[in-house]
Amino acid sequence: MSVSVQQADFDPGREAEKLSAGRDDVGALATFTGLVRADKHNGGHGSGVQAMTLEHYPGMTEKALEAIVAEARRRWPDVLGVRVIHRVGRLAPGERIVFVGVAGAHRGEAFAACEFIMDYLKTRAPFWKKEDTAEGGRWVDARDSDDAAADRWSGDTGT
Amino acid sequence: MKLKVLYFASLREALGSAEELVEVPPGIASVAALRGFLAARGAGVPALAAGRNVRAAVNQQMVAGDAAIAEGDEIAFFPPVTGG
């Protein structure tokens, strides 16, 4: 199972190890772990985030993540393994939210596919964050910079 | 035509509903037309009004507004996604 949507925490080190366990053709393991950040944002005017609740679209979420992984494998056929975990529910600052791990023979496809999966996940997987602050709940706005990050892959079919 | 309509995140809160079965009149054949129909119900639903940044999925596939809809489809409306 390359994609999981779950409330439970995960162990990034163990997930990375599993991508290369029992095989000797993996020369590169690229991993990304996203965490809940507590800092002020919205230009510094917002109050600190006390917790975050992740809502998703059960059924579609898994399909969307699997489609993103399939697209990454199409673009980088030399990718040897992929693991994506996204947590849902209520999370505190410092907790892990998301993990993407890519195993490849060489670092090029591992780095690229890992970043591609994160960029597409940010704009195409149906998750929504709501922050709990001292002033109450606040839905996080989508950022144009995330769209731009995903768009930069559109002319690139990989190698 | 009967459809299952889902709402998520801020749209779910604004509409006070996560899911409803909707009977739409003939002529409502696209996601955009359905959104217009839903936005005009009752006293109007500002969260679905034109100009609001609303995304949609048909049968769990993200689509553009001109996507066709058919009897029994599951249509979801939601704000731009913010995962990761």
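Sequence lines set the chain letters: A, B, ... in the order given, protein chains first and strands last, and positions in each chain run from 1. Excluded from the calculations below are hydrogen atoms, water molecules and symmetry mates; all remaining heavy atoms, backbone and side chain alike, are included.
Nearest heavy-atom pair across A:Pro58 and B:Phe8 is CD-CE2, 4.4 Å. Pairing each heavy atom of B:Val81 with each of A:Lys122, the nearest pair is CG2-O, 3.4 Å.
Both B:Tyr7 and B:Phe37 are assigned to one and the same hydrophobic cluster, defined by single-linkage of ILVMFWY side chains at heavy-atom distances under 4.5 Å. Note: the hydrophobic cluster containing A:Phe99 does not contain A:Val26 (ILVMFWY, side chain heavy atoms under 4.5 Å, direct or indirect links). If you chain together hydrophobic residues whose side chains sit under 4.5 Å apart, A:Phe111 and A:Val69 never meet in one group. Using a 4.5 Å cut-off between side-chain heavy atoms of Ile, Leu, Val, Met, Phe, Trp and Tyr, with links allowed through other members, A:Val88 and A:Met52 fall into the same hydrophobic cluster.
Within the model, atoms OG1 of A:Thr123 and CZ of B:Arg55 stand 9.0 Å from one another, a figure rounded to the nearest 0.5 Å. Atoms CE and CE, from A:Met60 and B:Met62 in turn, are 4.0 Å apart once rounded to the nearest 0.5 Å. From A:Glu55, atom CD reaches atom OG of B:Ser10 across 9.0 Å, with rounding to the nearest 0.5 Å.
Contact annotation for A:Lys130: only side-chain heavy atoms (C-beta onward) come within less than 4.5 Å of a heavy atom of chain B. With a threshold of 4.5 angstrom between heavy atoms, B:Ala9 approaches chain A through its backbone and through its side chain. Only the backbone of A:Ala125 comes within contact range of chain B, with at least one heavy atom under 4.5 Å from a heavy atom of that chain.
Without hydrogens or angle criteria, A:Trp128 side chain to B:Pro79 main chain gives a donor-acceptor distance under 3.5 Å. Counting only distance, with no hydrogens or angles, the side chain of B:Thr82 and the backbone of A:Lys129 share a donor-acceptor pair below 3.5 Å. A:His86 places no side-chain N or O within 3.5 Å of a backbone atom of B:Gly83 that could act as its donor or acceptor partner.
Within a 6.0 Å radius of CD in A:Gln7, no more than 12 heavy atoms belonging to other residues, nucleotides or ligands are found. Dense packing is recorded around CG of B:Asn53, with more than 12 heavy atoms of other residues, nucleotides or ligands lying under 6.0 Å away. Remark: B:Arg41 CZ is packed, more than 12 non-hydrogen atoms of other residues, nucleotides or ligands lying under 6.0 Å away. For CD of B:Gln61, the number of neighbouring non-hydrogen atoms (other residues, nucleotides, ligands) closer than 6.0 Å is 12 at most.
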